[in-house]
Peer 1: 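Just passing along the structure, written as structure tokens.
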Amino acid sequence: MKNKLTVYNSKARKKEIFEPIHEGRVGMYVCGPTVYSEVHLGNVRTFVSFDVIYRYLLHLGYKVRYVRNITDVGHLTDGGEDKVSARAKLEQLEPMELVQKYSNMFHEMMAIFNTKSPSVEPRATGHLIEQIEMVRDILDNGFAYEQNGSVYFDTLKFNDKYKSYGQLSGRKIDELFSETRDDLKNQNEKRHPSDFAIWMKASDEHIMKWNSPWSVGFPGWHLECSVMSTKYLGKTFDIHGGGNDLKFPHHENEIAQNIGCTGVEPAKYWLHSNMLLMNGKKMSKSDGNTISPYELFTGNSPHVSKGYSPMVVKFFMLQSHYRSTMDLTDQALQAAEKGYSKLMEAAKALDKMEHPGNGNETENNKKLLTTIDNIISDMNDDFNTPKALAGVFELVNFINKLKDGHLKYSDITKEAFDKLKETFNQFVFDIFGLKDEVGGQEDGLFDGMAELLITIRNEARAKKDWATSDLIRDKLLEIGVQLKDGKDGTSWSRI
RNA sequence: GGUCGGUUUGCCGAGUGGCUAGGCGACGGUCUGCAAAACCGUUUACACCAGUUCGAAUCUGGUACCGACCUCCA
């Protein structure tokens, strides 16, 4: 009887009943990508996870404002150079040209995975004024200090007052950075090793820099999220999401900045998605253990035996819970491909099915209704897509049985059948955001020719001309069209 | 070293103090000209060692192994 949505709040470390701050409305902020290079598959998993969460909240009837930023300044390399300008130099582009290029590619990838656009997609460089204002507010409140043109957040002072620094990530300030990395830039300017820069003075060769009351410089890399979430969602909002590798230091510092500025906790619920692994290790650009989405689509990678379509990859991701790690293997992708295709076949069949009316309330009818209820409670239980998907496959079983005549329409009521149809389509297409990749490409010409070939083959079969019949079947299969001989004649589908 | 999480059947992955997760694969069957598809049936596991309990894969303690974070990361 889990009719209420519960979410796992990373901050509380437990599941909590979801109650939005303002009834009927949800504010959600998710940390977006740093657009200094091509988006990789791990990022995709995170954004697909939050897309499903976004879609489900919409499905529940909430008016959702979903903010996902684009980071185009402030992320530094180990050498202290901005990632964007470092890459821009390599590609011989202006930094903002590079940002545009990879933002476009990111948006294309999000579209390929059929994710909904966020309501607002702010960029860090578009919010320099607000960032400078927040630095000033934090300074005014006494939780930051200036040192040679840079401004640092005073974690000790903050912790003295609020006792909460490190709470999200379970860290204690005294134990932090006992072994300070001495290669870090300007480490000596800080009063405490756990202090972090909210404004950094730029060196002469640093390209991306702006004027501020303290120096010509650039914002610290945690600041943008604090600023943009506050600007578009208010001082406190409902959900803050991101990959769990951002918990520390990014989200921890974000919380500190927000409280240091406004005095209140920014987010009511913190949701963290887990990592996508490959070969049992975190998929990561920096150590080469990675596969790009395009490599996965084309199969042009030593990690896969063939290419997999975006929806197969998305289906694969939905088979695990967003808070669990997921190991990408070729074998698992092959299994996902079969499962996805089974799902889409059922969707097509269901589309053509109509209940004639006058069904009875049998045991099967009861079982069907229970299955539908369970799918809903599974999604309400912290967006448990794998479990909900398992329930959807039980619906597939009902659909196929009805199609095959193993289950009679008279054994289920029209109401239950309509509910089956509605639930199936809502979950598969609206909530999971899957789509039939090949279905949309058909045109009348292709359709007509396929039907013609089926007619010719059936005539050959009637004459027991198995050679012609099998030739048509096998050649069609070679070009990716599978014929299916069923009770009601032959149908076909692309594979 | 510190913090956190994990170890589930042939593979991927949910879940839970007693009741079939699901997908894929495999095997048998129905259907079929033969296949494929679909359907039916079989395949039933929880790292290890203790403890709590009528009952533990689930709770507790310990051990082993794996992973993430600890100022680049979704």
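Fair warning: this is a prediction, and the values are worked out from it, not measured in the lab. Letters A, B, ... are given to chains in the order of the sequence lines, protein chains preceding strands, and every chain is numbered from 1.
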Peer 1: Answer with yes or no after comparing the ring centroid distance for A:H251 and A:H272 against a 6.0 Å cut-off, counting only values under it.
Peer 2: yes
Peer 1: On RNA chain B, compare the nucleotides closest to A:V44 and A:H406; which residue's is nearer the 5' end?
Peer 2: A:H406
Peer 1: So which pairs with a foot in residues 390-411 of chain A pass salt bridge (charged side-chain N to carboxylate O under 4.0 Å, His left out), sequence neighbours left out?
Peer 2: none
Peer 1: Polar-atom pairs under 3.5 Å, protein N or O versus N or O of nucleotides 22-29 of chain B: list them with distances, or write none.
Peer 2:
unit_1	atom_1	unit_2	atom_2	d
B:G25	OP1	A:K338	NZ	2.9

Peer 1: Provide the distance between the two C1' atoms, one in B:A64 and one in B:C54, to the nearest whole Å.
Peer 2: 32 Å
Peer 1: Kindly write out the residues that satisfy salt bridge (charged side-chain N to carboxylate O under 4.0 Å, His left out) with A:K338, not counting sequence neighbours, or none if the list is empty.
Peer 2: none
Peer 1: Any pair with a residue in residues 6-15 of chain A that passes salt bridge (charged side-chain N to carboxylate O under 4.0 Å, His left out), sequence neighbours left out, goes on the list, sorted by first then second residue, please.
Peer 2: A:K11-A:E265, A:K15-A:D381
Peer 1: If I pick the C1' atom on B:A26 and the same atom on B:C12, what distance separates them, to the nearest angstrom?
Peer 2: 16 Å
Peer 1: If you draw a 6.0 Å radius around NZ in A:K484, do more than 12 non-hydrogen atoms from other residues or ligands fall strictly inside?
Peer 2: yes
Peer 1: In terms of side-chain heavy atoms of A:N400, which of B:U71, B:A74, B:A38 is nearest?
Peer 2: B:A38
Peer 1: Quick one, A:S169 with A:E252, criterion side-chain hydrogen bond (donor to acceptor under 3.5 Å, both in side chains). Give me CA distance, side-chain angles, the key distance, then yes/no.
Peer 2: CA-CA 7 Å; A:S169 52; A:E252 198 70 73; 2.5 Å; yes
Peer 1: Hey, what are the protein-to-nucleotides 34-36 of chain B N/O distances that come in under 3.5 Å?
Peer 2:
unit_1	atom_1	unit_2	atom_2	d
B:C34	O2	A:R473	NH2	3.2
B:C34	N3	A:R473	NH1	2.7
B:C34	N4	A:R473	NH1	3.2
B:A35	N6	A:D485	OD2	2.5
B:A35	N1	A:D485	OD2	3.3
B:A35	N3	A:R473	NH1	2.9
B:A36	O2'	A:Q482	NE2	2.6
B:A36	N1	A:D485	N	3.2
B:A36	N1	A:D485	O	3.0

Peer 1: Between A:F50 and A:Y66, is the ring centroid distance below 6.0 Å?
Peer 2: no
Peer 1: How does RNA chain B read in dot-bracket, base by base from 5' to 3', with Watson-Crick or G-U pairs under 3.5 Å and | used when the partner is on another strand?
Peer 2: (((((((..(((.....[...)))((((((.......))))))...(((((..]....))))))))))))....
Peer 1: Nearest whole Å is fine: how far is B:U7 P from A:D327 CG?
Peer 2: 13 Å
